[in-house]
Amino acid sequence: MINLLFESLQNILDLGGPVVLLMIGLSILVTTVSLYKFWQYAASGVGRHAHLKSAVEAWDVGDRSTAQAALSASNSYLAPVVRMAIEGQKDTQRLEAESETRFAKLESGFRLLDSVAQLAPLLGLFGTVLGMISAFQALQEAGSQVDPSILAGGIWVALLTTAVGLAVAMPTALILSWLESRMDRERVFAQKALQTILSPEGAAPAPNVEMAHAHA
């Protein structure tokens, strides 16, 4: 098994050079990080705030018991922050800091994905340059006995590295864009929820219906 793996790596090295081998390693790294981020988002309940939304809406109309029940049923990673606001924490900066701490955990790995998305095309270009240098060196050494296959081999390596670089960069950029868009929506939701709870209208309990009829 180890010998087979070694032979495969050697074939890749002979075919596309060390640049292609490096980009294959980067693609494995990106796949691992992406799968972890998808699992992390699912485990944290990113985008699944039905109970939390119900709690905020109930609080906004002054229905405290319904708000507490809905909040208790929520598995969202933002539930502890909303609970702090409901239980009397009025410091907006503190609540925002608590939210950002949770966002930071969900955004871990973004810089790595961004770096790979920018670096992969440059590595592909670097491999292209190396391939062209190799081709023209072989052409020079051949002298007057020029064989088109010598030049074609270097061009093949050059084009292969460019293609692999783009193949790594494009899905990485797409995954990163999707993850960032999800976090943007999460920030909007968290800000709206906290502002609703902390607003004077949200803090005031609903008027007693029987008392309203008594004064009518």
Side-chain angles (χ1 to χ4, degrees), residues 19-57 59-60 67 70-86 89-128 160-199 202:
V19 175
V20 171
L21 194 61
L22 176 59
M23 285 191 289
I24 290 176
L26 287 177
S27 68
I28 296 173
L29 179 61
V30 168
T31 302
T32 303
V33 173
S34 299
L35 291 175
Y36 169 73
K37 297 307 295 182
F38 294 150
W39 171 84
Q40 185 186 33
Y41 275 32
S44 300
V46 173
R48 301 196 305 271
H49 303 305
H51 292 296
L52 204 59
K53 185 177 180 181
S54 298
V56 173
E57 291 175 349
W59 183 270
D60 193 32
L71 183 60
S72 299
S74 175
N75 293 322
S76 171
Y77 69 100
L78 287 173
V81 181
V82 174
R83 185 179 299 279
M84 288 176 61
I86 285 179
Q89 177 59 256
K90 301 301 181 185
D91 188 345
T92 304
Q93 292 183 347
R94 169 70 185 279
L95 293 172
E96 289 178 352
E98 291 289 340
S99 299
E100 285 300 324
T101 299
R102 288 160 174 78
F103 293 148
K105 292 179 180 179
L106 292 172
E107 290 175 340
S108 62
F110 281 15
R111 189 177 296 276
L112 173 63
L113 294 176
D114 182 57
S115 297
V116 172
Q118 296 185 42
L119 184 62
L122 296 179
L123 283 174
L125 180 60
F126 179 62
T128 299
L160 179 63
T161 56
T162 301
V164 173
L166 293 175
V168 173
M170 289 187 292
T172 302
L174 185 63
I175 291 171
L176 178 60
S177 177
W178 183 82
L179 293 173
E180 288 178 336
S181 67
R182 294 297 299 269
M183 293 312 302
D184 288 341
R185 290 197 292 270
E186 292 295 296
R187 278 190 166 86
V188 171
F189 174 82
Q191 184 177 14
K192 181 180 179 181
L194 293 178
Q195 290 298 326
T196 299
I197 295 171
L198 297 177
S199 65

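- The minimum heavy-atom distance between V116 and P121, with the atom names listed, is O-CD, 4.4 Å.
- Side chains of R187 and E100 form a contact here, defined as non-hydrogen atoms less than 4.5 Å apart.
- Looking only at distances, a side-chain donor or acceptor of T128 sits under 3.5 Å from a matching main-chain atom of G124.
- K53 places no side-chain N or O within 3.5 Å of a backbone atom of R48 that could act as its donor or acceptor partner.
- Side-chain atoms of R182 do not come within 3.5 Å of backbone N or O of W178 as any donor-acceptor pair.
- Two residues are said to be in side-chain contact when any heavy atoms from C-beta on lie closer than 4.5 Å; E186 and R102 fail this criterion.
- Side chain of S108 to main chain of K105: a donor-acceptor pair is present (N/O by atom type, distance under 3.5 Å, no hydrogens or angles).
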Assess whether side chain to side chain contact (heavy atoms under 4.5 Å, CB included) is satisfied between L123 and L26, documenting all intermediate values.
CA-CA 11 Å; L123 283 174; L26 287 177; 3.6 Å; yes
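- L78 is listed as a side-chain neighbour of F189, based on a closest heavy-atom distance under 4.5 Å.
- Taking all atoms of both residues into account, the shortest heavy-atom contact from T161 to G127 is OG1-C, 3.2 Å.
- The minimum heavy-atom distance between V168 and T172, with the atom names listed, is O-OG1, 2.7 Å.
- The closest donor-acceptor contact from the side chain of S27 to the backbone of I24 lies under 3.5 Å.
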Could you go through W59 and T196, starting from their C-alpha distance and side-chain angles, then the distance that decides it, and tell me whether this counts as side chain to side chain contact (heavy atoms under 4.5 Å, CB included)?
CA-CA 8 Å; W59 183 270; T196 299; 5.8 Å; no
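- Annotation: the span from M170 atom CE to L174 atom CG amounts to 10.0 Å, rounded to 0.5 Å.
- Here the shortest heavy-atom pairing between L194 and S99 reads CD1-OG, 3.8 Å.
- In this structure, the side chains of I197 and L95 stay at 4.5 Å or more apart for every pair of heavy atoms.
- Across every non-hydrogen atom of S74 and S76, the tightest pair is OG-N, 3.2 Å.
- For S44 (side chain) and V46 (main-chain N/O), no donor-acceptor pair under 3.5 Å exists by modelled atom type.
- In this structure, CZ in R185 is found 10.0 Å from NE2 in H49, a value given to the nearest 0.5 Å.
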Just do the side chain to side chain contact (heavy atoms under 4.5 Å, CB included) check on L71 and L52 with the steps written out, would you?
CA-CA 6 Å; L71 183 60; L52 204 59; 3.5 Å; yes
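- In F110, the CZ atom is crowded: over 12 heavy atoms of neighbouring residues, nucleotides or ligands sit closer than 6.0 Å.
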Determine whether Q40 and K37 satisfy the following criterion, side-chain hydrogen bond (donor to acceptor under 3.5 Å, both in side chains), listing intermediate values before the conclusion.
CA-CA 5 Å; Q40 185 186 33; K37 297 307 295 182; 2.6 Å; yes
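- By the neighbour-count criterion of 12 heavy atoms within 6.0 Å, atom CG of N75 is sparsely surrounded, having that number or fewer from other residues, nucleotides or ligands.
- Considering all non-hydrogen atoms of both residues, G109 and V33 come closest at O-CG1, 4.4 Å.
- Side-chain contact between Y77 and L106 is present, with at least one heavy-atom pair separated by less than 4.5 Å.
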